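All values derive from a computational prediction rather than experimental measurement.
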Amino acid sequence: MRHVTGYPLAAAGLVLYEKRSLTNREKVGRPMTSSVIPPSPSAADYAAEGDRPLVPETDNPIGLFQDWMAQARASEPNDSNAMSLATVDADGRPDVRIVLLKGVDSEGFTFFTNLESVKGVQLAANPVAALCFHWKSQRRQVRVRGGVAPVSAAEADAYFASRAAQSRISAIASDQSRPLADRAIFEQRVAEISSVYGDDNDIPRPPHWGGFRLVPTEIEFWQDQAFRMHDRLRFYRKADGGWATVRLYP
């Protein structure tokens, strides 16, 4: 087996493409890009962007996340708190959607939803999830995994009351994730509920609406670097509740 700098090529995960293979691929005519996919950055592109700092070592990943979130809020065009939420169904098939983070502290990452929605049902049946934040303006990503538990009724009430009145009415009216024969039906339901409450700002939270908190067991910070030499720092929970870290190959 051939070696490079003392490591077997197979062990290093390197794949060498001979010129003959490239020629064969060209004969097939399979395009490497398309009109809707941007091309890979060139050396000049990377040089123009310059270096980025590495993910800092710390014993407080929640604090680091809050720092990154604050920077993203200042630079993202909108919804810096948007995150992918991944769950699994009864057959173990993954599901993912974008939701909004509404709280983060030492206890975990909090979000709210219709408890009878697909994600609500999946989380009730299998209370584990993964989150992914991607801030393009910062060239950063954070991945989080852990168990999920419902927030208290008082916490759900407090957040629900902070929403715009029409947003609360929409939440009451929506049978989220279930078939809608005609949007006019939903709009009519919203109108009917609006007529009940009028200008009253005291709109109670419906029982089918609440929140979840993901308690992290792993948090990974990813910082884009030139030539795909990205920096990755993973935090994972220790038995004593503290955090340990490991850097990962990009």
Side-chain angles (χ1 to χ4, degrees), residues 62 65-66 69 78-134 142-219 237:
I62 298 299
F65 176 85
Q66 291 169 331
M69 174 63 79
N78 61 292
D79 294 335
S80 57
N81 58 330
M83 61 185 185
S84 298
L85 167 67
T87 56
V88 292
D89 66 13
D91 296 320
R93 297 178 301 175
D95 232 337
V96 67
R97 75 288 287 162
I98 303 295
V99 300
L100 297 179
L101 178 71
K102 288 300 179 179
V104 57
D105 55 26
S106 60
E107 295 185 5
F109 297 75
T110 303
F111 57 94
F112 296 88
T113 187
N114 185 313
L115 302 177
E116 297 174 352
S117 66
V118 168
K119 59 182 172 294
V121 171
Q122 290 174 349
L123 288 170
N126 194 356
V128 293
L131 311 175
C132 184
F133 299 83
H134 181 210
V142 178
R143 299 167 60 205
V144 187
R145 295 204 298 174
V148 174
V151 304
S152 68
E155 191 171 354
D157 287 342
Y159 173 69
F160 192 76
S162 74
R163 291 163 61 112
Q166 201 65 22
S167 294
R168 280 175 278 167
I169 289 171
S170 175
I172 295 171
S174 177
D175 292 331
Q176 191 176 114
S177 300
R178 280 152 286 186
L180 175 61
D182 191 316
R183 185 172 175 83
I185 297 172
F186 177 48
E187 293 173 346
Q188 178 62 31
R189 188 181 294 182
V190 168
E192 291 172 356
I193 297 173
S194 297
S195 67
V196 170
Y197 289 104
D199 296 329
D200 189 355
N201 197 46
D202 185 18
I203 304 172
R205 175 179 62 89
H208 63 261
W209 198 93
F212 292 96
R213 180 173 291 109
L214 185 149
V215 181
T217 55
E218 296 180 18
I219 306 176
R237 286 282 191 188

Answer yes or no: does atom CZ of Arg145 have more than 12 heavy-atom neighbours from other residues, nucleotides or ligands under 6.0 Å?
no

When every non-hydrogen atom of Leu214 is compared with those of Pro216, the smallest separation belongs to O-CD, 3.4 Å

Over 12 foreign heavy atoms within 6.0 Å of CZ, Arg178
yes

Nearest-0.5 Å distance that lies between atom NE2 in His208 and atom CD in Gln176:
8.5 Å

Of all heavy-atom pairs linking Val144 and Val142, the shortest is CG2-CG1, 4.1 Å

Hey, is the main chain of Ala173 close enough, under 3.5 Å, to the side chain of Arg189 for a donor-acceptor pair?
yes

I want to check something: taking the side chain as every heavy atom from C-beta on, are Pro206 and Ile172 in contact at a cut-off of under 4.5 Å?
yes

Apply side chain to side chain contact (heavy atoms under 4.5 Å, CB included) to Ser194 and list each qualifying residue two or more places apart in sequence or on a separate chain.
Gln166, Ile169, Val190

Is it the case that more than 12 heavy atoms not belonging to Arg143 sit under 6.0 Å from its CZ atom?
no

A side-chain contact here means heavy atoms from C-beta on lying under 4.5 Å apart; do Phe186 and Ser170 qualify?
yes

Please determine which of Leu85, Val118, Val88 meets the side-chain contact (heavy atoms from CB on, under 4.5 Å) test together with Asp95.
Val118

Could you walk me through whether Lys102 and Asn81 pass side chain to side chain contact (heavy atoms under 4.5 Å, CB included), step by step?
CA-CA 8 Å; Lys102 288 300 179 179; Asn81 58 330; 4.1 Å; yes

Does the pair Asn201 and Arg168 meet the rule for a side chain to side chain contact (heavy atoms under 4.5 Å, CB included), with working shown?
CA-CA 10 Å; Asn201 197 46; Arg168 280 175 278 167; 2.8 Å; yes

How many angstroms lie between atom CH2 of Trp209 and atom CG of Leu115, to the nearest 0.5 angstrom?
8.5 Å

List the atom of Phe160, the atom of Ala171, and the distance in Å for their closest heavy-atom pair.
CE1-CB, 3.9 Å

Nearest 0.5 Å, please: how far is CD1 in Ile62 from CD1 in Ile219?
4.0 Å

Just do the side chain to side chain contact (heavy atoms under 4.5 Å, CB included) check on Val99 and Met83 with the steps written out, would you?
CA-CA 6 Å; Val99 300; Met83 61 185 185; 3.6 Å; yes

For Gly146 versus Thr217, what's the shortest heavy-atom pair and its separation?
CA-OG1, 3.8 Å

Worked check of side-chain hydrogen bond (donor to acceptor under 3.5 Å, both in side chains) between Thr87 and Arg97
CA-CA 9 Å; Thr87 56; Arg97 75 288 287 162; 3.0 Å; yes

Any side-chain to backbone donor/acceptor pair from Asp91 onto Arg93? Under 3.5 Å, distance only.
no

Can you tell me how the ring of Phe133 sits relative to the ring of Phe109, calling it parallel under 30°, perpendicular over 60° and tilted otherwise?
tilted

Shortest non-hydrogen contact from Glu155 to Thr110?
OE2-CG2, 4.1 Å

Supply the atom-to-atom distance Asp175 CG to Asn114 CG, rounded to the nearest 0.5 angstrom.
7.5 Å

Output the distance between atom CD (Gln188) and atom CG (Asp182), rounded to the nearest 0.5 Å.
11.0 Å

State, yes or no, whether a side-chain contact exists between Phe65 and Val104 at a heavy-atom distance under 4.5 Å.
yes

Going through the distances and angles, do Asn126 and Val128 end up as a side chain to side chain contact (heavy atoms under 4.5 Å, CB included)?
CA-CA 6 Å; Asn126 194 356; Val128 293; 3.5 Å; yes

What one should report as the nearest heavy-atom pair of Leu123 and Ala129 is CD2-CB, 4.0 Å

